[in-house]
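These numbers come from a predicted model, not from an experiment.
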Amino acid sequence: MAAGDILKEAGLIIEEFDVKANEDIEKGEIVVNDGNGILAATTSHLGPYFMALKAHTYASETTHKVRCVVAGYVEVQKKANGATKKGQYCEISATAGEVTVFDYTTPGLFSDIVGVCASDAAATDTTMKILLGHWP
């Protein structure tokens with residue numbers, strides 16, 4: 001499995017979004033729509049979050065639309081900075097488009113939550129299986 005893979009098709013919701021001008025998108029990247037199109041999500045975005053199903057290089061594409069998973073079990077890009085356990089929340093990291101384990105020591109930042117970890121991931125892993133969806 002790799003970033004951008006769908007783990008279960010049951011309950012999967014996919015929508016097509018316009019890409020923000022001059023933004024490049026990677027497959028498996030967590031994206032957000034800032035009102036001008038999708039771009040890689042960072043901690044300055046509050047969601048809702050989606051996962052891009054294909055890469056998109058703005059300069060070489062003529063149609064600037066990307067299909068994204070809005071909700072479902074998927075494998076996303078993960079920042080290699082900490083282990084996660086099945087059932088923990090994951091949040092957007094400071095690295096654009098990547099998730100990390102939710103910071104349980106600083107509660108209250110629930111707007112950063114991207115999903116729930118669907119399996120354990122090692123600290124060095126660069127992808128993570130999650131249940132992506134809309135959280136509080």
Are Leu132 and Val114 packed together at the side-chain level, in the sense that at least one heavy-atom pair is separated by less than 4.5 angstrom? yes
Answer yes or no: does atom CD of Glu15 have more than 12 heavy-atom neighbours from other residues, nucleotides or ligands under 6.0 Å? no
Do the side chains of Phe50 and Tyr58 join up, straight or via other hydrophobic residues, at under 4.5 Å, putting them in one cluster? yes
Salt bridge present between Asp120 and Lys85 (N-O < 4.0 angstrom): yes
Between Glu61 and Ala55, which heavy-atom pair has the shortest distance, and what is it? OE2-O, 4.5 Å
So among Val66, Leu39, Ile25, which one has a side-chain contact (heavy atoms from CB on, under 4.5 Å) with Val31? Ile25
What's the spacing between Cys68 SG and Tyr49 OH if we round to 0.5 Å? 14.5 Å
Backbone of Thr95 reached by a side-chain donor or acceptor of Ser93 within 3.5 Å: yes
Is the number of heavy atoms from other residues, nucleotides or ligands within 6.0 Å of NZ (Lys86) greater than 12? no
What distance separates Glu26 CD from Glu98 CD, expressed to the nearest 0.5 Å? 7.5 Å
Ignoring hydrogens and geometry, is there a side-chain-to-backbone donor-acceptor pair from Lys78 to Gly82 under 3.5 Å? yes
When rounded to the nearest 0.5 angstrom, what distance separates CG in Asp18 from NE2 in His64? 9.5 Å
Treating Tyr89 as the side-chain partner and Tyr104 as the backbone partner, does any N or O pair qualify as donor plus acceptor under 3.5 Å? no
About how many Å separate CD1 of Ile92 and CG of Leu46, when rounded to the nearest 0.5 Å? 11.5 Å
One should read off an interatomic distance between Asp24 CG and Ser60 OG, to the nearest 0.5 angstrom, of 7.5 Å
Should Phe17 and Val70 be marked as a side chain to side chain contact (heavy atoms under 4.5 Å, CB included) after you check the CA-CA gap, both sets of side-chain angles, and the distance that decides it? CA-CA 11 Å; Phe17 295 92; Val70 173; 4.2 Å; yes
Do Met128 and Cys90 come within less than 4.5 Å of each other through their side chains, counting heavy atoms only? yes
Would a distance-only check, ignoring hydrogens and angles, find a side-chain to backbone donor-acceptor pair under 3.5 Å from Asp125 to Thr127? no
Look at the side chain of Gln77 and the backbone N and O of Lys27, then say whether any donor-acceptor pair between them is shorter than 3.5 Å. yes
About how many Å separate OG1 of Thr84 and CD1 of Ile130, when rounded to the nearest 0.5 Å? 10.0 Å
